[in-house]
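To keep things clear, I will list the structure first and then write my remarks on it.
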Amino acid sequence: MRLPPATLEAAARVLRANDRGGWTVPARDLYPFQWNWDSALVALGWRRLDEARALRELASLLAAQWPCGMVPQIVFHRPDPRYFPGPEVWRTDRTPPTSGITQPPVLASCLARLVARARDRALVEAGARQLLPAIERWHRWFHEVRIDPATGLVVTVHPWETGMDDSPLWDEPLARVPTPQGLRLERRDLVAVPADQRPKMAHYRRFLALVLRFRTWRWDQRRMAAQSPFRVADPTTHLLLLAAERDLEALARRLGVLDPEAIAARTARLEGAIRRHLQDPESGFIHAFDLVAGRRLAARAACAFLAFRAGLATPGLTRALMAWLAAVPFPLPTVHPTDPAFERRRYWRGPVWPVLDRLVAWGLEGEPAARLAAVVAELIRRFGFREYHDPLDGRGLGGRDFSWTAALALDWLADG
Ligand code: DGY
């Protein structure tokens, strides 16, 4: 066990305090609703405490699935004035209200882990059988609705869909998003977190401008995929979808449900598109692709290392990982410290995120995996369950009592 029992008990208290009855808020003051990939990862923490509750977390998220198959980024179960933009801005006309975009698909991988580690196998397998058709429909939506026909890449239409909102990966493609005059922008996030740890106003204006434009298109997902002024292929979405498709196929075979051959066929197509368009043939590094400009972007971010989880490792990528691990006292920095875009305290522009370390380590073995686990365990012991940290001195940043950080302590940094 890497974390002492008292820390694991504190992690369980965080989840219980953030539990709203079948769904969990990521952080009380900053994110007071249900977020898509947060919930899936939080279910892994619940599995240590109560497997039925873990399954309910996933079911409550999937209950908000759109008829087209999309599982939304936020479910606004009940009103809360602490977050902007709330449902009155999105106006997606769903019950319960939701945002109109998605997030990186980790649900299938989390469910696969619940099944693999089940204590009550009958309960968890029965739950999985019920959830799998909706997850499969969501994956299919990426392939059929959010697809760029020219490249075979999945189209991401908003930086919030990547989970890495203000990453330097998006600076160039986001710069061409027009911001209308008189945009009414409220930064309620700055009540809970200092401004130098959150995305800059210039980013936020464009985040909101995209929401307002899609609203005028009545959230027509095909039109968004074809015409959004921000259209990128995101490394995180692609690499996690590839891993999730493999996990879905394995679950389908194990439980005798769905059509594993169809899942395998589209997984192979996705892998081909990633290798062709996102992976640099020389360095092996995974880049974002600007679908509006029609080219791979030069910017680099730590999400490239999710390639290990997706089975796309190369010797060059392994060398890059070693360099990023050695670059700061508390890796992984989300942006390399020698990159001019690096900011040690600002959100996705440099800080180390326990959740990204956990997702990267999920695809690693041996020393690098052990190093990431040791780093995150130390950060939690010293600074609590924070959203992210300064990679140079480890100081906690962003939200406090953060659910997915508590969950990964229970799931990853406890024994077994
Ligand atoms: C936010 O509001 O900061 C979130 O990252 C959106 O998902």
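We count ligands from 1, going down the list as the structure has it; atoms in each ligand are counted the same way. Along the sequence shown, the residues carry numbers beginning at 1. If you're wondering where the values come from, they're calculated on a predicted model, not measured in any experiment.
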Distance in Å, Ser228 OG paired with Arg231 CZ, rounded so as to fall on 0.5 Å steps: 7.0 Å
Sub-4.5 Å side-chain heavy-atom contact between Glu125 and Leu255: yes
Over 12 foreign heavy atoms within 6.0 Å of CG, Asp93: no
Short side-chain donor-acceptor distance under 3.5 Å, Ser39 and Glu57: yes
Side-chain donor-acceptor contact under 3.5 Å, Ser99 with Gln73: yes
Residue contacts for ligand 1, heavy atom to ligand atom, distance under 4.0 Å: Tyr31, Trp35, Gln73, Tyr83, Trp160, Asp165, Arg198, Tyr204, Tyr347
Passing candidate, salt bridge (charged side-chain N to carboxylate O under 4.0 Å, His left out) with Asp411, options Arg117, Arg48, Arg47: Arg47
